[in-house]
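Have a look at the structure below before the remarks.
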Amino acid sequence: MPIARNATLAGSAPDRSDTALLILDMISDFGFPDGEQVFKAALPAARRIARLKRRAESAGVPAIYANDNRGRWRSDFPALLRHALGEGSRGAPVARLLVPAPRDYCLLKPKHSAFFGTVLATLLEHLGVRRLVVCGVTAQQCVLFTANDAYVRDLELAIPRDCIASESPAKVRFALRYFREVLGADLAPSVRVRFRPRRRL
């Protein structure tokens with residue numbers, strides 16, 4: 001449906017911003033194969049993402065969480081968050097750093113890309129987003145597939161190199177080279193990410 005006919009998705013996407021912060025797969029118990037290695041790299045990245053998110057919030061830039069669903073498909077992000085924060089969850093320290101705020105957008109994805117089988121493209125269109133700042137795990141999988149889909153949609157890409165993680169430094173280096181040489185992404189560290197003034201309706 002054209003934006004002019006339904007500019008705010010019936011009120012469910014009230015923000016208007018040139019830029020959005022996209023956080024991939026950081027709400028997790030990291031209970032998958034290689035999860036321990038990914039978690040060890042994700043924890044310091046999560047601290048930097050949390051600081052970046054606070055700056056984004058101050059600038060009126062919306063944050064969007066896109067996460068793999070675990071277990072049966074219930075489209076229940078709050079349940080996923082409770083599980084990630086729960087006792088015995090390896091990922092609890094990461095989830096505590098990045099608990100979504102009430103104004104944040106949260107969606108579940110069935111595959112690697114945050115665009116595949118989700119409402120992300122529609123949400124970005126209604127927000128007026130032209131620049132996507134992508135953070136999260138894993139660099140060579142979900143971050144890469146999502147970045148590819150953003151690229152073919154002509155979105156400007158920033159992927160702060162200190163806000164992505166994987167099970168090994170070699171895989172992060174592979175992804176960074178791809179982001180730079182193929183996608184032309186801005187890989188400046190998070191402290192150098194600048195947020196543009198928010199556009200209001």
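Throughout, numbering of the chain's residues begins at 1 and tracks the sequence.
Between Cys163 and Arg48, the shortest heavy-atom contact is SG-CB, 3.9 Å. In this structure, Leu52 and Cys135 approach most closely via the heavy-atom pair CD2-SG, 3.9 Å. When every heavy atom of Ala114 is checked against every heavy atom of Ala66, the shortest pair comes out as CB-CB, 3.7 Å. Leu132 approaches Phe115 most closely through the heavy-atom pair CD2-CZ, 4.3 Å. Shortest non-hydrogen contact noted between Leu124 and Ala20 is CD2-CB, 4.2 Å. Here the closest heavy-atom approach between residue Pro110 and residue Thr118 is recorded as CD-CG2, 4.1 Å.
Residue pairs that meet the ring pair (Phe, Tyr, Trp, His ring centres under 6.0 Å) test with at least one member in residues 36-65, sequence neighbours left out, are Phe30-Phe39. Among residue pairs with one or both ends in residues 79-101, those qualifying as side-chain hydrogen bond (donor to acceptor under 3.5 Å, both in side chains) are Asp29-His83; sequence neighbours excluded. The ring pair (Phe, Tyr, Trp, His ring centres under 6.0 Å) contacts involving residues 143-171 comprise His112-Phe145, where partners must be two or more places apart or lie in separate chains.
Tracing side-chain contacts under 4.5 Å through hydrophobic residues (I, L, V, M, F, W, Y), one never reaches Phe116 starting from Leu108; they form parts of separate clusters. Two different hydrophobic clusters hold Ile49 and Val191 under the rule that ILVMFWY side chains link at heavy-atom gaps under 4.5 Å.
Between the side chain of Ser17 and the backbone N or O of Pro62, no donor-acceptor pair lies under 3.5 Å. In this structure, Arg16 contributes its side chain and His126 its backbone to a donor-acceptor pair below 3.5 Å. Between the side chain of Ser168 and the backbone N or O of Lys171 there is at least one donor-acceptor pair closer than 3.5 Å. When atom types are taken as modelled, the side chain of Arg47 and the backbone of Leu97 share no donor-acceptor pair closer than 3.5 angstrom. Although no hydrogens or angles enter the test, the distance criterion places no donor-acceptor pair under 3.5 Å between the side chain of Arg131 and the main chain of Thr19. Between the side chain of Arg103 and the backbone N or O of Pro100 there is no donor-acceptor pair closer than 3.5 Å.
Partner of Ile64 under the side-chain contact (heavy atoms from CB on, under 4.5 Å) criterion, out of Ile23, Leu127, Leu24, Leu21: Leu127 alone.
Counting non-hydrogen atoms of neighbouring residues, nucleotides and ligands closer than 6.0 angstrom, the CZ atom of Phe174 reaches no more than 12 such neighbours.
With values rounded to the nearest 0.5 angstrom, Arg177 atom CZ is found 15.5 Å from Gln140 atom CD. Atom OG of Ser113 is separated from atom CG of Leu144 by 10.0 Å, given to the nearest 0.5 angstrom. The line from CZ of Arg192 to CZ of Arg194 is 8.5 Å long, rounded to the nearest 0.5 Å. Annotation: the span from Asp68 atom CG to Lys111 atom NZ amounts to 10.0 Å, rounded to 0.5 Å.
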Would you sort out whether Leu80 and Asn67 count as a side chain to side chain contact (heavy atoms under 4.5 Å, CB included), showing the intermediate values?
-> CA-CA 9 Å; Leu80 183 73; Asn67 233 90; 3.6 Å; yes

Go through the steps to decide whether Val134 and Leu157 satisfy the test side chain to side chain contact (heavy atoms under 4.5 Å, CB included), and finish with yes or no.
-> CA-CA 7 Å; Val134 183; Leu157 270 171; 3.9 Å; yes

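Taking a cutoff of 4.0 Å between a charged side-chain nitrogen and a carboxylate oxygen, Asp25 and Lys109 qualify as a salt bridge. Ion pairing between a basic and an acidic side chain is recognised when a charged N comes within 4.0 Å of a carboxylate O; Asp104 and Lys53 show such pairing.
Annotation: side chain to side chain donor-acceptor pair (under 3.5 Å) contacts of Thr138 (sequence neighbours excluded): Gln141. Residues that satisfy the salt bridge (Lys or Arg N to Asp or Glu O under 4.0 Å) test with Arg51, not counting sequence neighbours, are absent from this structure. In terms of the salt bridge (Lys or Arg N to Asp or Glu O under 4.0 Å) criterion, Asp34 has no residue partners (sequence neighbours excluded).
The side-chain heavy atoms of Tyr178 and Leu183, taken from C-beta on, include a pair separated by under 4.5 Å. With contacts defined as side-chain heavy-atom distances shorter than 4.5 Å, the pair Ile164/Ile159 qualifies. At least one side-chain heavy atom of Leu81 sits under 4.5 Å from a side-chain heavy atom of Val99. For the pair Leu120 and Leu22, the minimum side-chain heavy-atom distance is below 4.5 Å. Considering only heavy atoms from C-beta on, Glu125 stays 4.5 Å or farther from Arg153 through its side chain.
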